[in-house]
Amino acid sequence: MLGSTAIYCLALIPLLPSGSLAVYDHYRLPSSLEPQHYDLRILTHLNATDRRFEGAVRIDLRVLQSTRNITLHARNLRIDKSRISLTGGSTARGERHCPSDSDIEIELNEVYDYYTLHLCRELQLGQSYQLTMHFESSLNATESGYYNSSYTGAATKEKHYMAVTQFSPTFARQAFPCFDEPTWKATVNVTLGYHKSYTGLSNMPIHKCHKHESLPDYIWCEHEQLLRTSTYLVAYAVHDLPNAATVQSDTKNRVIFRNWLQPMALQQGNASIEMGPKVLGYFEDLFRLDFPLRKIDQFAAPTHRFKAMENWGLVTFRESNFVHIEGVEQEEAKVLKAKTLAHEYAHQWFGNSVTMKWWNDLWLKEGPATYFAYLALDALRPDLGRGERFIGKDLEHFFDRDSARSVRAISREVQDPAQILGQFTKYVYEKGALIMRMLHKLLGEEAFFLAIRSYLSKHSLGTVEQADLWQSMQEAAVQQKVLSSDFNLGRAMDTWTLQGGYPLVTAVRDYETGWVSLNQTRFYLEKGLRQVTATDHCWWVPLSFVLQSHPDFEQTRPQSWLECPATTTQALQLPNGPARNEWFILNVQVSAIYRVNYDEHNWRMIISSLQNDPNFGGIHVYNRVQLMDDLMALGAVKLLSYDWAFDLFEYLHREEELLPWERSITLLNRIGMLLSGRQAKELKAYMAKLLSLLYRRLPKLGAITSRSVTGRDMSLMRLTYTQACRYRVDDCIDQAKQLVMRHLNTLELPVDIYEVANCIAIEQGGEAEFQQLLQLFRNTTNVAQQEVWASALGCSRNISLLAEFLDYTLQSETKETTDCYLLAVETALTREHLVVEAANHVLSHAKRLNEKFKKRQLTRLLLTLAGNLHRPEDSDRLREQLKDLKQFEEPLQKALDVVKVNQQWQGDCSVDFSQALGKHI
Ligand SMILES: *[C@@H]1O[C@H](CO)[C@@H](O)[C@H](O)[C@H]1NC(C)=O
Ligand SMILES: *[C@@H]1O[C@H](CO)[C@@H](O)[C@H](O)[C@H]1NC(C)=O
Ligand SMILES: *[C@@H]1O[C@H](CO)[C@@H](O)[C@H](O)[C@H]1NC(C)=O
Ligand SMILES: *[C@@H]1O[C@H](CO)[C@@H](O)[C@H](O)[C@H]1NC(C)=O
Ligand SMILES: *[C@@H]1O[C@H](CO)[C@@H](O)[C@H](O)[C@H]1NC(C)=O
Ligand SMILES: *[C@@H]1O[C@H](CO)[C@@H](O)[C@H](O)[C@H]1NC(C)=O
Ligand SMILES: *[C@@H]1O[C@H](CO)[C@@H](O)[C@H](O)[C@H]1NC(C)=O
Ligand SMILES: [Zn+2]
């Protein structure tokens, strides 16, 4: 272990009588000391009986403010107080010596994981000191800090253990005492000790190895020094996985990639191995900034707290997010893996090099990583056409979610570790991506990338706040003459990141003068909230628009802005005196995240153009989708009759693209969940009519034989067959049955198609079909395969069979099997036969679910369930059955909001909806 010489301040003693010390209680570390370098040595014990680590860390500190105490982070570590030492500083001043035999005075703050050392003398301003600490702990069992994982050898059935780190966001402190905040960047030397039968990896390549001084067959390997980094990005692993491939990338530094996978996974074709180097090269070109390290290890851990982690030079993945099992997993799963991978490599710039000062601005790394991953995917795999779809999904989620009362700003105060972890939500990632996209569209290609490149190079290896991003954007925009120099971009963008929600912009044209008057209010679905005055919330709204006579939907830069605070109505002069019979569309490509309502004449012209003009009058697909979404939302808040939405849906007769179909079906299905009796019947008839258009364009389901369908077509096919069979279109059900009969238990079909067909077979079939599939489910250990079957089993209409399956999953000791409960029950909740029964199952097993699932999973489940509920007694029942269940607390609140909105919809809108529907069946 690290030998310490020349101990300077021998011991650490209380200055004040014990107990009277002020406990440091602020959520951020004091700023009196700056860590400059960590020298970390970790000895890992890893065998069947003994899995733990011993470590020593020497931290080089510089004093920014004289102080008598050192506060850093440590958690779950046994720190040997007798071996704490502090050396350095100037010795010339003859301070008093510490009594050598005193107890060390240590203080702990368990809320923030602080470990405070009270010193016998002052650390002098400007001086450097070396603090050395020795510690040990067991490997963590819950995938945080330095944790254990394992796999079972396929042939030998022998268990292989490994140890690997997951430090983000606040788990480095479980592995070594450190200044565990992103802002404290320091260089790091890692030295790993382990039995020589293992491989040791860290962020950097190995510099040299030597024998352990006492343990036989153990070695120490020093890794090269890692450049200045935040602690959450330090990583190491001790394991016996083989390297599947060594690949040299054609990046500037010819970065070497290695790929560590368990032997069983080696046989799978693996796109991730090739994709890694390509993505890194793509970003290097895009950002014009070289990746600084020489190697990257891609490490597929059998268990992982997240999907993946972007550690410098040692990117870890959950194995199932790295390895794709062809023929078992859906197309979608493959694309999502590519997206995850691209996301982690975008982080090498956004996050690793340029890091947010504090976790409130987490979106500053997750937003760009998510958005640039879309761009990378589109550039490297244009055949999948996925960038567009991801953005479409993010927009859908955003407009849906942010119309609720409870949405928070993406940049918001967080303090303790639980709050910090709570920032890592899909919400922050997706809205963060939409904010980056807004900047991209606002500034245009040149100014945007100029800004991105200058931001990355200016703050390289440094730390930032969101104002720094705004500033780089502003400078580039002014330089490129995209914005005038007196426009305050930061003030404008703050209105999007520092508050939740979004505006509804109302645009009313004066057809005589060519002027448009515009105003904004926050859009809420919930009735009681709609009355609030316009000044309570406002945004700087970029106004980009297009006129029918010149439908250029590529020009996304705003011609003007709606201001905030919003005083009154603003007016906008349309150029070139537009004709009275041409439409005007605001928010080109839905570049910014707001809804628009127009005057009736303008709406009428838009709808007519979509229905009749070649190429939909040139209206961009994102706008086509948004027009439907907006009209449905305006119907739900009673600003417009649903007649408008149904008139618009007529245009779908001519629509061939996935996104508009997907959105319209989602919107209508959601309302379908609230209808019953005649209304429900009519909507079914309407859906069947709508879907038959699509169904007839595609090949017969029963005739699909090969796996040759490409990603892009697959999504449309999957959507069409699922929905067409659900609404009994034509011969869809017969076709599905035929397909299953021909192919039961074979893998020669595309999995997506196989899954759809199996759902129908289960729905239409009886006990025999159910038991057969259940047998397959129980007989496999392949998780992806289990998921496919679990979803299909949820399609059953026999409650005793379904309940048998649901109980089986809940009783299972295997987490993966238990997770299948959610898949099956959610399927049932979104179909028609067993909605009530499935909801009963959830509520009567709430206690068990509370133990088995995470908050994130329960939120999704409960929101799906609440989608069907609209009576006051439904809310009472939810409250009653879920009370005092901790994991359900937040999901319950969200679900109650949904029920409330549904209830209002029933009262206020269902008649209008049915009348409008009646005119279209
Ligand atoms: C595990 O390692 C410890 C030392 O780290 C050793 O004492 C013990 O015998 C080992 N057990 C086995 C089963 O190899
Ligand atoms: C640590 O030292 C600083 C500066 O000397 C002082 O303000 C602070 O109160 C001390 N903290 C504790 C917990 O004693
Ligand atoms: C692992 O980490 C978790 C989360 O910080 C902690 O609660 C637990 O006590 C740690 N230790 C073990 C052995 O799992
Ligand atoms: C990690 O260790 C704990 C406790 O020894 C054990 O229960 C758990 O199964 C281990 N995890 C893995 C993935 O091996
Ligand atoms: C860290 O490692 C590098 C070799 O990569 C070595 O040159 C340097 O002296 C080490 N730093 C410390 C403080 O030990
Ligand atoms: C916005 O303009 C519309 C149409 O002129 C009007 O009905 C509405 O009341 C205005 N809203 C606000 C908040 O001023
Ligand atoms: C279960 O799996 C085994 C081996 O994978 C196979 O031989 C057997 O036929 C399977 N049983 C069923 C009912 O599919
Ligand atoms: Zn990320």
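Only a predicted model underlies this, so the values are computations on that prediction, with no experimental measurement involved. In listed order, ligands and their atoms are each counted from 1. Numbering starts at 1 and runs along the sequence shown.
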Taking the six-membered ring for Trp, are His537 and Trp539 parallel (under 30°), tilted (30 to 60°) or perpendicular (over 60°)?
parallel

Looking only at distances, please establish whether an N/O atom of ligand 2 is found under 3.5 Å from an N/O atom of Thr116.
no

Could you label the plane-to-plane angle of the His73 and Tyr114 rings as parallel, tilted or perpendicular, counting under 30° as parallel and over 60° as perpendicular?
tilted

Between Glu181 and Lys357, does at least one N-O distance fall below 4.0 Å, as a salt bridge requires?
no

Numbering the atoms of ligand 4 from 1, which are under 4.0 Å from a heavy atom of Ser150?
12 (C), 13 (C), 14 (O)

Selected option - heavy-atom contact closest to atom 12 (C) of ligand 6, from Asn519, Val508, Thr506, Thr521:
Asn519

Side-chain contact test, heavy atoms from C-beta onward, threshold under 4.5 Å: evaluate it for Asn47 versus Tyr161 and give yes or no.
no

Closest protein heavy atom to atom 1 (C) of ligand 4, given as residue, atom name and distance to 0.1 Å:
Asn148 ND2, 1.6 Å

Is the shortest distance from a heavy atom of His118 to ligand 2 less than 4.0 Å?
yes

Can you check whether Asn259 reaches Asn243 side chain to side chain, under 4.5 Å on heavy atoms?
yes

Report yes or no: does Glu136 contribute a side-chain atom to a donor-acceptor pair with the main-chain N or O of Glu54 at less than 3.5 Å?
no

Indicate yes or no: does an N/O atom of Asn69 lie under 3.5 Å from an N/O atom of ligand 2?
yes

Could any protein non-hydrogen atom be found less than 4.0 Å from atom 7 (O) of ligand 4?
no

What protein heavy atom lies closest to atom 9 (O) of ligand 4? Include the residue and the distance to one decimal.
Lys159 NZ, 4.7 Å

Looking at Ser149 and Thr303, would you say the former's side chain and the latter's main chain have a donor-acceptor pair under 3.5 Å?
yes

Are Met162 and Tyr151 close enough, and set up right, to give a side-chain contact (heavy atoms from CB on, under 4.5 Å), and what steps lead you there?
CA-CA 8 Å; Met162 67 181 84; Tyr151 67 94; 3.5 Å; yes

Decide whether an N or O pair under 3.5 Å exists between Thr569 and ligand 6.
no

Atoms of ligand 2 under 4.0 Å from any heavy atom of Thr67, numbered from 1 in the order shown, are 1 (C), 2 (O), 3 (C), 4 (C), 5 (O)

Which residue owns the protein heavy atom closest to atom 5 (O) of ligand 4, what's the atom, and how far is it?
Arg51 NH2, 3.2 Å

